[in-house]
Amino acid sequence: MPSRDFKRTDRVGAELRREIGTMVHAAVRDHGLPSCSVSDVEVTRDLDFATVWVTALLPAQSKEAVKALNELAVEFRRTLSRQMRLRRVPELRFKYDDSVDKGERIDLLLRQDADRPVSDESDD
């Protein structure tokens with residue numbers, strides 16, 4: 001029997017990321033939420049839970065955005081149950097993805113280090 005390249009959880013996660021991304025975009029527009037987007041979706045092996053990682057345009061508003069999305073999670077799940085062909089749609093848990101913030105911080109530190117003049121220590 002040939003091995004599968006992708007697990008079912010990966011395929012379900014990718015589909016959820018597309019669908020939830022569209023719904024989050026609409027929720028930001030319709031409910032006046034802070035601007036955010038879906039960066040990744042991780043689904044448990046039993047497909048009971050899905051962790052939806054979101055990034056915010058303004059990191060200071062990330063807690064507000066995640067709280068609002070968690071309040072809308074039941075509505076999102078209901079919509080997904082109508083749109084997707086799954087026997088049971090996973091329970092959605094929204095969390096903030098700070099990897100973009102960490103990457104920007106590292107980039108800033110590297111730029112600051114590159115701008116610092118190199119001292120010539122070979123003049124002994």
Side-chain angles (χ1 to χ4, degrees):
M1 183 170 175
S3 66
R4 296 183 191 178
D5 289 340
F6 297 102
K7 297 179 184 174
R8 183 162 194 253
T9 56
D10 294 339
R11 293 192 309 266
V12 170
E15 182 66 23
L16 284 171
R17 185 175 49 244
R18 282 190 291 277
E19 296 293 334
I20 295 171
T22 306
M23 289 189 284
V24 166
H25 180 71
V28 166
R29 187 181 61 240
D30 297 342
H31 297 288
L33 301 178
S35 185
C36 58
S37 62
V38 175
S39 61
D40 194 20
V41 176
E42 295 175 356
V43 183
T44 58
R45 285 187 63 188
D46 58 4
L47 301 176
D48 280 346
F49 298 98
T51 303
V52 183
W53 296 96
V54 294
T55 57
L57 186 60
L58 300 172
Q61 297 177 337
S62 62
K63 288 184 181 181
E64 178 185 340
V66 169
K67 182 180 178 193
L69 290 172
N70 277 315
E71 291 173 1
L72 292 169
V74 174
E75 183 180 326
F76 289 160
R77 187 177 181 196
R78 188 176 304 121
T79 304
L80 287 170
S81 69
R82 292 185 204 116
Q83 292 177 348
M84 296 180 70
R85 294 184 54 185
L86 288 175
R87 198 174 282 168
R88 185 171 184 281
V89 175
E91 181 181 320
L92 304 175
R93 296 175 179 168
F94 288 88
K95 292 188 178 182
Y96 183 65
D97 182 7
D98 63 349
S99 62
V100 174
D101 299 337
K102 287 180 181 178
E104 288 176 358
R105 172 100 171 108
I106 291 170
D107 188 47
L108 176 68
L109 291 172
L110 289 173
R111 273 197 240 135
Q112 286 175 349
D113 192 44
D115 293 341
R116 187 175 300 141
V118 178
S119 63
D120 190 18
E121 297 177 9
S122 62
D123 293 335
D124 291 302

Enquirer: Specify the closest pair of heavy atoms between Q61 and P34, including all atoms of both residues, with the distance to one decimal.
Expert: OE1-CB, 3.3 Å
Enquirer: Please list all pairs meeting ring-ring contact (aromatic ring centres under 6.0 Å, His included) that have one or both residues in residues 83-102, counting only residues at least two apart or in different chains.
Expert: F76-F94
Enquirer: Looking at R111 and D107, is any side-chain nitrogen of the basic one under 4.0 Å from a carboxylate oxygen of the acidic one?
Expert: yes
Enquirer: Which residues satisfy the side chain to side chain contact (heavy atoms under 4.5 Å, CB included) test with D30, sequence neighbours excluded?
Expert: A26
Enquirer: For H31, look at atom NE2 and say whether over 12 heavy atoms of other residues, nucleotides or ligands are found less than 6.0 Å away.
Expert: yes
Enquirer: Just verifying a value: how many Å separate D40 CG and K95 NZ, rounded to the nearest 0.5 Å?
Expert: 12.5 Å
Enquirer: Could you list who else is in L110's hydrophobic cluster, with ILVMFWY side chains joined at under 4.5 Å, directly or through other members?
Expert: I106
Enquirer: Roughly how far, to the nearest 0.5 Å, is the CG atom of L72 from the CD1 atom of I20?
Expert: 12.0 Å
Enquirer: Of the non-hydrogen atoms in A50 and V41, which two are nearest, and what is the gap between them?
Expert: CB-CG1, 4.1 Å
Enquirer: Quick one: which of V66, D97, L58, V28 gives a side chain to side chain contact (heavy atoms under 4.5 Å, CB included) with C36?
Expert: V28
Enquirer: Would you mind reporting whether R18 and T22 have side-chain heavy atoms less than 4.5 Å apart?
Expert: no
Enquirer: Heavy atoms only: give me the nearest P90-R77 pair and the separation to one decimal.
Expert: O-NE, 3.5 Å
Enquirer: How far does CE of M23 sit from CG of L16, to the nearest 0.5 angstrom?
Expert: 8.0 Å
Enquirer: For V52 and L69, run side-chain contact (heavy atoms from CB on, under 4.5 Å): C-alpha distance rounded to whole Å, both residues' side-chain angles, the deciding distance at 0.1 Å, then the answer.
Expert: CA-CA 10 Å; V52 183; L69 290 172; over 6 Å; no
Enquirer: Could you walk me through whether L47 and T9 satisfy the side-chain contact (heavy atoms from CB on, under 4.5 Å) test, starting with their C-alpha distance in whole Å, then the side-chain angles of each, then the deciding distance to 0.1 Å, before giving a yes or no?
Expert: CA-CA 7 Å; L47 301 176; T9 56; 4.0 Å; yes
Enquirer: Is W53 reachable from V89 through a run of hydrophobic residues whose side-chain heavy atoms are each under 4.5 Å from the next?
Expert: no
Enquirer: Is there a donor-acceptor contact under 3.5 Å from the side chain of S62 to the main chain of A56?
Expert: no
Enquirer: With sequence neighbours left out, write down each residue that passes side chain to side chain contact (heavy atoms under 4.5 Å, CB included) with E19, or none if nothing qualifies.
Expert: E15, L80, Q83, M84
Enquirer: Are the side chain of R93 and the backbone N or O of F49 linked by a donor-acceptor pair below 3.5 Å?
Expert: no
Enquirer: Sequence neighbours left out, what pairs pass salt bridge (Lys or Arg N to Asp or Glu O under 4.0 Å) with at least one residue falling in residues 45-66?
Expert: D48-R88
Enquirer: Restricting to side chain to side chain contact (heavy atoms under 4.5 Å, CB included), what partner residues turn up for V100, sequence neighbours left out?
Expert: T55, E104
